[in-house]
Peer 1: 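Please see the structure below; I have some questions.
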Amino acid sequence: MTQASARSLDVPADATIPSRHPKAPGVGERIPPHNPACRGCADVPGGIHMESWVDDDRGEGGDPGVGVAVRSRMAVTDDMQGGPGLIHGGYLMAAFDECLGSVAPLVTRSCVTARLETDFRAPVPVGTTLWLRARLDGVLRRKYFVSAEARLDSEDGPLVGTARALFVQVDLQHFLRHGRAEDLEAIGASAEQIRAARG
Ligand SMILES: CCCCCCCCCC(=O)SCCNC(=O)CCNC(=O)[C@H](O)C(C)(C)COP(=O)(O)OP(=O)(O)OC[C@H]1O[C@@H](n2cnc3c(N)ncnc32)[C@H](O)[C@@H]1OP(=O)(O)O
C-alpha cells in the first residue's frame, strides 16, 4: 500500500462497524457536552452552541452499527458571518467537526480529528438553522471513518454541505500531555497526573 492510500478517507475494505457502547446515550437522547469549556458543544460565550442527539439510520434491533450516528442542530448567528449575510466556511467546518466528532465516542473512548474534508454545496445565510447528520462508516484499529451532511432549516431541507473525516482514538495521556494545566485541573486532573504524563 502506498503512503497516499494508507492516509485516504476511503473506508478500508476490512473495516468493521461496532455496536454502540452500552454506557453511551440511547437513540434519541441528547449527547452531553464532552468538556464544559468546549466551543463546539458547551454553553460558553463565543461557542457555536451545537446541540446533538444519538441518531439511528441503520434500522431496528441490536445489529452492529445501530445508533452509531448523530443528529445535530446549530443556529447560524450574525457573528458567524464571512461573506455578507453568509456563514464563514470555517464555522461550517466547525459544525461538521463537532457533529462528526460526536460519533466515535458512542463506541469508544476519546477520539481526535486527524483529517476533515468538506464540500461546500450551497451558501448558508445567517439567520438560518443548520441540521447535520453524521454516521460511522467503518473502524479499523484506532481509526474511525465518519461522514456527514448538512441541510438548511430542517432535517430534510436543501443540502448545503457534505463532509468525510477520520478520527483517531487517543487515551487520556493525549490530553494530559498536551492540554493547558488549568483547563485539565478544572475537569478533575491532578497536578501530579499532569506532571507524570509530561515526564
Ligand atoms: C462526545 C465527544 C464529542 C467530541 C467532539 C469533538 C469535536 C472536536 C474534535 C477536534 O477538533 S480534536 C482537535 C483537532 N485534532 C487534533 O488536535 C489532533 C492532532 N493530531 C494528533 O494528535 C495526532 O496526529 C493523532 C492523534 C491524530 C495521530 O497521532 P498518533 O501518533 O496517535 O497516531 P499515528 O500517527 O500512528 O496514526 C494512527 C493511524 O491514523 C492514521 N492517520 C493519522 N493521521 C492521519 C491523517 N491526518 N490522515 C490520514 N490518516 C492519518 C495513520 O496513518 C495511522 O494509520 P494506520 O493504523 O493504518 O497505520
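Atoms considered below: every heavy atom in the structure, side chains included; atoms not considered: hydrogens, waters and symmetry mates. Read the numbers this way: they start at 1 and go in the same order the structure lists the ligands and their atoms.
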Peer 1: State, without any angle test, whether S147 and D137 hold a side-chain donor-acceptor pair at a distance under 3.5 Å.
Peer 2: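 Their side chains do contain a donor-acceptor pair, which is all the 3.5 Å distance test asks for.
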
Peer 1: Any cation-pi pair here, R71 with W53, using under 6.0 Å and within 45°?
Peer 2: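 Relative to the ring axis of W53, which defines the angle, R71 lies inside both limits.
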
Peer 1: Under a 4.0 Å heavy-atom limit, does T113 contact ligand 1 with its side chain, its backbone, both, or neither?
Peer 2: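 The answer is both.
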
Peer 1: Regarding atom 8 (C) of ligand 1: of the candidates V70, D97, L166, L140, which has the closest heavy atom?
Peer 2: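 It is D97 whose heavy atom sits nearest to atom 8 (C) of ligand 1.
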
Peer 1: Would you mind running through ligand 1 and noting each atom that sits below 4.0 Å from a heavy atom of R115?
Peer 2: 48 (N)

Peer 1: Taking the minimum heavy-atom distance to atom 39 (C) of ligand 1, which of K143, R142, E98, R141 ranks first?
Peer 2: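 That would be K143.
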
Peer 1: Does the side chain of S72 come within less than 4.5 Å of E51's, by heavy atoms?
Peer 2: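 No, side chains not in contact.
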
Peer 1: Under a 4.5 Å side-chain heavy-atom rule over Ile, Leu, Val, Met, Phe, Trp and Tyr, are M50 and I31 clustered together?
Peer 2: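 Yes; I31 is reachable from M50 via cluster members.
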
Peer 1: At the 4.0 Å heavy-atom cut-off, does P105 count as touching ligand 1?
Peer 2: yes

Peer 1: Going by heavy-atom distance to atom 3 (C) of ligand 1, choose the closest among H34, H174, R7, R39.
Peer 2: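 Of the listed residues, H34 has the closest heavy atom.
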
Peer 1: If Ile, Leu, Val, Met, Phe, Trp and Tyr residues are connected whenever their side-chain heavy atoms lie under 4.5 Å apart, and connections chain through other members, are V146 and V112 in the same group?
Peer 2: no

Peer 1: Indicate yes or no: at least one non-hydrogen side-chain atom of Q169 is less than 4.5 angstrom from one of R141.
Peer 2: no

Peer 1: Output the list of atoms in ligand 1 that are nearer than 4.0 Å to some heavy atom of V170, sorted by atom number.
Peer 2: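 Result: 26 (C).
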
